[in-house]
Amino acid sequence: MNRNDPPIVAFLYDFDKTLCTTDMQDYAFIPSLGMTPAEFWAEANGFGRENRIDGILAYMYTMLREAERKNLPFSRADLVEKGRGIVLFPGVRDWFARVNAYGEEQGVQVEHYVISSGLREIIEGSAISREFKEIYASEFYYDETGKPVWPKLAVNFTAKTQFVYRINKGVLDVSNDRDLNASMPDDSKRVPFTSMIYMGDGLSDVPCMKMMRAYGGQAIAVYQESNRAGVEDLLAKGRVDFIFPADYSRGTALDETVKNILRRMAITDRLTEENAQQLHAVGRSELPDQSSLF
């Protein structure tokens with residue numbers, strides 16, 4: 001990254017119950033099977049427990065099996081189309097443009113990423129899919145006929161942390177493990193952890209939230225009344241920095257706090273850059289741990 005480029009602040013989002021109101025399969029896919037969400041998830045979770053299968057792989061297999069049993073079309077295009085029924089929380093549609101504009105006012109470039117255990121194909125059909133620099137989510141591999149034949153990526157709650165490191169280093173290609181695992185000086189990493197904001201809604205986000213808090217980023221949990229107690233517990237146990245109702249509208253407490261975080265990150269970056277220039281001026285080439293400076 002060119003030193004003359006504006007510093008980057010990265011927003012990392014869970015998707016289900018963070019940006020949209022429930023699990024993404026519940027809106028259109030599960031009803032197309034003639035099942036209720038409760039029936040489908042009981043089937044998928046029970047299948048996973050009985051066979052000791054990772055929960056993400058279990059639900060992906062159950063999707064394939066139930067669609068085949070009912071002779072329903074199951075293709076990438078069909079799943080993308082089902083994403084059009086996703087219901088977003090208030091304010092989400094214009095959230096990205098507002099945050100981007102505010103970041104620009106503060107002298108930072110804002111990027112948005114999804115890290116989700118849901119399906120990439122369904123997310124791509126949502127009204128906000130183009131807002132993201134990258135979507136990391138579970139996904140099928142399709143053969144030449146368009147039939148899903150294998151999981152291409154399965155993102156469970158601990159696997160999510162891999163993608164935080166990818167964003168940190170700027171190694172966004174999931175097939176590129178060599179560069180991801182290569183040693184890289186902290187001041188060469190594309191997005192410092194201190195310039196990351198993770199937004200989620202529950203226990204599946206805890207590994208990423210703990211990373212943010214350990215490495216100097218910010219962790220925010222949003223809630224509906226149905227999961228408010230669980231989110232309050234995350235705050236009480238020090239797993240998140242802030243909790244807010246899932247309303248992204250202009251002027252909400254969430255909106256105002258994120259602006260404050262962006263402003264603070266922009267100031268910290270300027271102070272860090274000034275510190276680095278002064279260290280170079282006095283002949284020191286190695287920089288101290290930047291996360292602890294300011």
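Treat the numbers as computed from the prediction; the structure is a model and nothing was measured.
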>> If you define the side chain from C-beta out and look only at heavy atoms, does anything of Ile122 sit under 4.5 Å from Tyr27?
In response: no
> Has the side chain of Asp205 got a donor or acceptor atom that lies under 3.5 Å from a matching backbone atom of Gly202?
Replying inline: yes
> Thinking salt bridges, do Arg69 and Glu66 make one under a 4.0 Å N-O criterion?
Replying inline: yes
>> When you measure from the side chain of Gln224 to the backbone of Thr21, do you find a donor-acceptor pair of N or O atoms at a distance under 3.5 Å?
In response: yes
> Is it the case that more than 12 heavy atoms not belonging to Gln277 sit under 6.0 Å from its CD atom?
Replying inline: yes
> Out of curiosity, Tyr136 OH to Ser116 OG, how far, rounded to the nearest 0.5 Å?
Replying inline: 14.0 Å
> Between Glu124 and Arg120, is there a salt bridge with N-O shorter than 4.0 Å?
Replying inline: yes
>> Determine whether the aromatic ring centres of residues Tyr59 and Phe40 are separated by less than 6.0 angstrom.
In response: no
> Do Asp5 and Gln109 have side chains that get closer than 4.5 Å, going by heavy atoms?
Replying inline: no
> Can you check whether Val155's main-chain N or O pairs, donor with acceptor, with Ser138's side chain at less than 3.5 Å?
Replying inline: yes
> Within the side chain of Lys70, is there an N or O that forms a donor-acceptor pair under 3.5 Å with the backbone of Leu33?
Replying inline: yes
>> Once you measure the plane-to-plane angle for Tyr13 and Phe96, does it fall in the parallel (<30°), tilted (30-60°) or perpendicular (>60°) bin?
In response: perpendicular
> Do Phe29 and Glu121 pass the side chain to side chain contact (heavy atoms under 4.5 Å, CB included) test, and can you show the C-alpha distance, the side-chain angles, and the key distance before you say yes or no?
Replying inline: CA-CA 12 Å; Phe29 177 78; Glu121 295 93 325; over 6 Å; no
>> As a quick check of understanding, evaluate side chain to side chain contact (heavy atoms under 4.5 Å, CB included) for Phe163 and Val174, giving each step before the final call.
In response: CA-CA 8 Å; Phe163 306 107; Val174 296; 3.8 Å; yes
>> Set out, in order, the CA-CA distance, both residues' side-chain angles and the distance that settles side chain to side chain contact (heavy atoms under 4.5 Å, CB included) for Phe242 and Ile261, then state yes or no.
In response: CA-CA 11 Å; Phe242 305 101; Ile261 292 171; 4.0 Å; yes
>> Can you tell me how far apart OG1 (Thr18) and CG (Leu88) are? Round to the nearest 0.5 Å.
In response: 12.0 Å
> So which heavy atom on Ala44 is nearest to which on Ala58, and how close?
Replying inline: O-CB, 3.7 Å
>> Would a single hydrophobic cluster contain both Val222 and Ile197, if residues Ile, Leu, Val, Met, Phe, Trp and Tyr are joined by side-chain heavy-atom contacts under 4.5 Å?
In response: yes
> Quick check: are there more than 12 heavy atoms from other residues, nucleotides or ligands sitting under 6.0 Å from NZ of Lys152?
Replying inline: no
>> Check this for me, if you would: do Asp94 and Arg98 make a salt bridge, where the nitrogen-to-carboxylate-oxygen distance has to be below 4.0 angstrom?
In response: yes
> Using 30° and 60° as the class limits, which term best fits the ring planes of Phe74 and Phe140: parallel, tilted or perpendicular?
Replying inline: perpendicular
> Quick one: do Leu262 and Met212 end up in the same hydrophobic cluster if we chain Ile, Leu, Val, Met, Phe, Trp and Tyr together by side-chain heavy atoms under 4.5 Å apart?
Replying inline: no
>> Keeping Thr252 on the side-chain end and Tyr248 on the backbone end, is there a donor-acceptor pair under 3.5 Å?
In response: no
> Honestly curious: do Tyr223 and Leu234 fall in one hydrophobic cluster under the side-chain, below-4.5 Å linking rule?
Replying inline: yes
> Any chain of hydrophobic side-chain contacts (each under 4.5 Å) joining Met211 to Leu180?
Replying inline: yes
> So which heavy atom on Ala154 is nearest to which on Ala159, and how close?
Replying inline: O-CB, 4.4 Å
> How long is the span from the OG1 atom in Thr161 to the CG atom in Asn156, to the nearest 0.5 Å?
Replying inline: 9.0 Å
> Which value, rounded to the nearest 0.5 Å, describes the distance between Ile8 atom CD1 and Met196 atom CE?
Replying inline: 10.0 Å
>> If you define the side chain from C-beta out and look only at heavy atoms, does anything of Ile30 sit under 4.5 Å from Trp41?
In response: yes
> Which atom pair, heavy atoms only, marks the closest approach of Ile86 to Cys20?
Replying inline: CG2-CB, 3.6 Å
> Are the side chain of Asn227 and the backbone N or O of Gly230 linked by a donor-acceptor pair below 3.5 Å?
Replying inline: no
>> With a 4.5 Å cut-off on side-chain heavy atoms, are Ser117 and Lys160 touching?
In response: yes
> How many angstroms lie between CG in Asp26 and OG1 in Thr36, if you round to the nearest 0.5 Å?
Replying inline: 9.0 Å
> So do Phe132 and Phe11 actually touch side chain to side chain, heavy atoms under 4.5 Å?
Replying inline: no
>> Would you compute the distance between atom CG of Asn260 and atom CE of Met265 and round it to the nearest 0.5 angstrom?
In response: 12.0 Å
>> I'd like to know if the side chain of Arg213 and the backbone of Gly238 have a donor-acceptor N/O pair within less than 3.5 Å.
In response: yes
> How close do Gly107 and Pro7 get, heavy atom to heavy atom, and via which atoms?
Replying inline: O-CD, 3.5 Å
>> Give me the atom names and distance for the closest heavy-atom approach of Glu39 to Gly34.
In response: OE1-O, 4.4 Å
>> Restricting to non-hydrogen atoms, name the atom on Val240 and the atom on Met209 that form the minimum distance, rounded to 0.1 Å.
In response: CG1-SD, 3.3 Å
>> For a side chain to side chain contact (heavy atoms under 4.5 Å, CB included) check, start with the C-alpha distance between Tyr102 and Val110, then their side-chain angles and the critical distance, and finish with the verdict.
In response: CA-CA 9 Å; Tyr102 189 80; Val110 177; over 6 Å; no
> If only atom types and distance count, is the side chain of Asp241 paired as donor or acceptor with the main-chain N or O of Ile220 below 3.5 Å?
Replying inline: no
>> Surrounding NZ of Lys169 (heavy atoms of other residues, nucleotides or ligands, distance under 6.0 Å), is the total greater than 12?
In response: yes
> Does atom CD of Glu232 have more than 12 heavy-atom neighbours, drawn from other residues, nucleotides or ligands, at distances under 6.0 Å?
Replying inline: yes
>> Between Glu131 and Arg93, does any side-chain N to carboxylate O distance fall below 4.0 Å?
In response: no
> Between Leu172 and Lys133, is any pair of side-chain heavy atoms under 4.5 Å apart?
Replying inline: yes
> Taking the side chain as C-beta and beyond, is there a heavy-atom pair between Glu256 and Lys259 under 4.5 Å?
Replying inline: yes
>> Has Thr268 got a side-chain atom pairing as donor or acceptor with Arg264's backbone, closer than 3.5 angstrom?
In response: yes
> Do the side chains of Leu203 and Phe157 get nearer than 4.5 Å, heavy atoms only?
Replying inline: no
> Should Tyr141 and Leu64 be regarded as members of a common hydrophobic cluster, given that ILVMFWY residues are connected when their side-chain heavy atoms come within less than 4.5 Å of each other, either directly or indirectly?
Replying inline: no
> Okay, side chain of Asp23, backbone of Gln25: is any donor-acceptor separation there less than 3.5 Å?
Replying inline: no
> Ion pair present between Glu105 and Arg263, side-chain N to carboxylate O less than 4.0 angstrom?
Replying inline: no
> Is the charged tip of Arg166 near the ring of Tyr113: under 6.0 Å from the six-membered ring centre and within 45° of its axis?
Replying inline: no
